Number of protein chains: 2
Amino acid sequence: MSSTDRHRLIAQAVADSGSATVPHLAELTGASEMTIRRDLDVLAAQGVLERFRGGARTLLLRGEEPPWSLRVHEGLEAKRRIAAEVSRLIADGETVVVDSGTTCLEVARLLHGRPVTVMPLSLQAIQALSDAPAPTALLVPGGRPRTGEGALTGPLTLASLAALRFDTAVLGCCGLSAAEGMTAYDLDDAAVKHAIVASARRIVAAADGSKLGRTAHAYVGASSLVDQLVTDGSAPADEVAALEEAGTVVTTA
Amino acid sequence: MSSTDRHRLIAQAVADSGSATVPHLAELTGASEMTIRRDLDVLAAQGVLERFRGGARTLLLRGEEPPWSLRVHEGLEAKRRIAAEVSRLIADGETVVVDSGTTCLEVARLLHGRPVTVMPLSLQAIQALSDAPAPTALLVPGGRPRTGEGALTGPLTLASLAALRFDTAVLGCCGLSAAEGMTAYDLDDAAVKHAIVASARRIVAAADGSKLGRTAHAYVGASSLVDQLVTDGSAPADEVAALEEAGTVVTTA
DNA sequence: ACCGTAACGAACATTTTTGATGTTTGGAAG
DNA sequence: CTTCCAAACATCAAAAATGTTCGTTACGGT
């Protein structure tokens, strides 16, 4: 078993019952107690759980977004397929702003080396593009990165977006439905997405099926502001139909 | 011999005689020709040299700044000592802006985990601080990173600096002398340094001895704008005396 | 334009290095 | 006083670097 698999198993077990002891987790995973302790330290540093003497308790509130480290590896192929489709929609020479989030990170990775100008809104995506060869032009927005997430937000980010105009925006979203529009997990993020929408001529949303029909806490705008949606096979058909009805072109990767 | 040592040896040999053949470099380093070819590919990608069939020729113009990849490992201990001294000058709770450059990168590394607010002006430093735990607050400036260097410059950078005020600025410089003031390698960089100076109450310059008494191409300002200079034992005594005369507090690490 | 030689790069084998894991032991927390 | 923890060391596996071989490609001479 790989260490990330074990991490996921531990996080799951702790989240399910609220807490777990070191010996229990050692038996569950087949690893030694020392390894479990080291894993718990890592997960605690990621904000997934909280250590106490002898074990750990969960910090994940139901309904809240799970931390970045757990989301990256989840449904990677689906994200890659969606990202590939999004990348196909972007022509050489365009200027593109890429939102934060795990799906958008994959999009950024695919733009590596292509002759486009990219402004990514997360530290992870900036890092992925920082060693890109000549044809790719990187633009860094200002902002405060959210811990773990790496998503840039705040006045500096809004100012950077306001100072520029883009051909295409690649938006990730936490929730998207024809009825409730696009939603994000918190207001800061929603403000950034709003600024992105205002700065780009074409809005492409990248969202796996689980995001469709869902509604998160912070409202970004009506679904009609999305020109094109790229999703995967798990998208609910009725929601897709409703979005198409509202004027969004939907592509299934 | 480590691979970076060999890279440096190759870069040196090619720079010295303008060009070198693969067999010659293989004999010089004791490595196989295949390894030399792979090394040359790496160095070519870094912009250090240019491949031609059978060997490589240098791309380093005399007087021009050598590329980042060659500077990082040069005089590392001296840089670390200087950085440690700079770090000692920064109190907990301060807001700090850290310039680009290899010495400043070491300063950023030492601020990792300390209870300070930091805005680094290079991608490398941002990366070094991106996983910093809670007490450290990271602020990302906007800008266009220079390839290889990672130094952020341009209007977005200037705007980010103009929007903020800092307790302390840590400046790296290419040249510093009492007579000629502080100089940078190019105008964009000089403009950024100028903005840094305008946004910080206290200016700390970090420069090893080789920078003192030297003058680069782009003028930043008089040496008197530096409140405190941290340098090392290799600094020329007369230059240090002249800077102290002009009002700069000089510390030797 | 053709051909021979030398250089190149892909593929594989081998070595070195690095990172992860397990074990032991002294010390700290409850 | 018992249990848990973390540092130190040993061990193992994965990954990277390096060397070797061989088919292919580019250059120079004719």
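Chain naming here is simple, since letters A, B, ... match the order of the sequence lines and numbering starts at 1 in each. From a predicted model like this one, the values you see are computed outputs, not experimental measurements.
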query = Is it the case that B:Asp5 and B:His73 place a side-chain donor and acceptor less than 3.5 Å from each other?
reply = no

D:dC5 phosphate, OP1 or OP2, under 4.0 Å from A:Arg51 side-chain N/O = yes

query = Do B:Arg38 side-chain and D:dG19 base share a donor-acceptor contact under 3.5 Å?
reply = yes

key: Polar side chain donor-acceptor pair, B:Thr35 to B:Ser32, under 3.5 angstrom   = yes

message = Could you tell me how far apart B:Arg6 (CZ) and D:dG19 (P) are, to the nearest whole angstrom?
response = 7 Å

key: Between C:dA20 (P) and A:His7 (NE2): distance, integer Å   = 9 Å

query = CZ of B:Phe52 versus P of C:dA6: gap in Å, rounded?
reply = 17 Å

query = How many Å lie between CZ on A:Arg37 and P on D:dA7, as a whole number?
reply = 12 Å

Side-chain donor-acceptor pair present, B:Ser69, B:Gln46, cut-off under 3.5 Å = yes

ask   = Looking only at N and O atoms, is any donor in the side chain of B:Arg53 or the base of D:dC27 less than 3.5 Å from an acceptor on the other one?
value = no

note = Taking for B:Met34 and for A:Glu33 the nucleotide of DNA chain C with the nearest heavy atom, the one nearer the 5' end belongs to B:Met34

Rounded distance in Å - CG (B:Asp5) to P (C:dT17) = 13 Å

query = Taking OP1 and OP2 of C:dT21, is either one under 4.0 Å from a side-chain nitrogen or oxygen of A:Ser32?
reply = no

note = When rounded to whole Å, the CE to P distance for the pair A:Met1 and D:dA14 reads 14 Å

request  = For B:Leu25 and C:dA7, give me the distance from atom CG to atom P, rounded to whole Å.
outcome  = 13 Å

task = Among B:Val118, B:Thr95, B:Leu111, find the one that has a side-chain contact (heavy atoms from CB on, under 4.5 Å) with B:Ile90.
result = B:Leu111

Length of the CG-C1' vector between B:Leu40 and C:dC8, whole Å = 12 Å

